[in-house]
Amino acid sequence: MTAAEKTVIEPKKSGTKPPDMFKVLLLNDDFTPMEFVVVVLERFFSKSREQATQIMLKVHREGQAVCGIYPKDIAETKMEQVVAFSRQNEHPLRCVMEEM
Ligand code: TYC
C-alpha cells in the first residue's frame with residue numbers, strides 16, 4: 001500500500017473550532033513611568049527585559065502596541081490584572097483588547 005492510500009479521512013468533528021482570538025494592547029499616556037510599563041510586560045505577558053523594553057518604546061512612540069494574542073477569557077484576565085496592578089500603584093496605564 002502506498003503512503004497516499006493509507007491516508008485516513010477523519011469524519012468532521014462537530015463543535016470543534018479554533019477559539020476567537022483577541023489582541024491585548026497597551027496605550028500610551030504621559031504619566032506612567034517607563035520602568036513600570038516594562039515590569040507590567042515582564043510580569044503579565046512573560047516578556048524578557050529586552051522584549052518588554054522594545055514594546056514599551058513602541059507604545060511610547062506610536063501610541064499603542066500589541067502585548068499578546070489570546071482567547072477571549074485569557075485576554076480579559078490579562079487586561080483586568082494590568083489595570084488592577086496599575087491602579088494599586090496609582091498609575092493611569094490603560095490596557096484594552098481588540099477582536100482579530
Ligand atoms: N509615555 C510614558 C512616559 O513618557 C511611558 C509610557 C509607555 C506610558 C507606555 C504608557 O503604555 C505606556 N513616561
Who pairs with Lys58 by salt bridge (Lys or Arg N to Asp or Glu O under 4.0 Å), at least two apart in sequence or on another chain? Glu62

Tightest non-hydrogen contact, residues Pro33 and His91, listed as CD-CE1, 3.3 Å

Could you tell me which residues satisfy salt bridge (Lys or Arg N to Asp or Glu O under 4.0 Å) with Lys47, sequence neighbours excluded, listed by chain and number? none

Apart from Met21 itself, members of its ILVMFWY cluster (side-chain separation under 4.5 Å) are Leu25, Leu27, Val66, Ile69, Val96, Met100

Quick one: side-chain contact (heavy atoms from CB on, under 4.5 Å) partners of Asp29, sequence neighbours excluded? Phe31, Thr32, Pro92, Leu93

Just to verify, what does Arg49 make a salt bridge (Lys or Arg N to Asp or Glu O under 4.0 Å) with, not counting sequence neighbours? Glu35, Glu42

Nearest heavy atoms of Met97 and Ala75, plus distance in Å: CE-CB, 3.8 Å

Residue pairs passing the salt bridge (Lys or Arg N to Asp or Glu O under 4.0 Å) test with at least one member in residues 76-91, sequence neighbours excluded, are none

With Phe22 via ring-ring contact (aromatic ring centres under 6.0 Å, His included) - residues at least two apart: none

With a 4.5 Å cut-off on side-chain heavy atoms, are Val59 and Val37 touching? no

Same cluster for Val24 and Phe36 if Ile/Leu/Val/Met/Phe/Trp/Tyr side chains link at under 4.5 Å? yes

Quick check on the hydrophobic clustering: are Val83 and Met56 connected, directly or via other members, by side-chain heavy-atom contacts under 4.5 Å? no

Please collect all ring pair (Phe, Tyr, Trp, His ring centres under 6.0 Å) contacts where either partner lies in residues 43-66, sequence neighbours excluded, each pair once. Phe44-Phe85

Is there a donor-acceptor contact under 3.5 Å from the side chain of Arg94 to the main chain of Asn28? yes

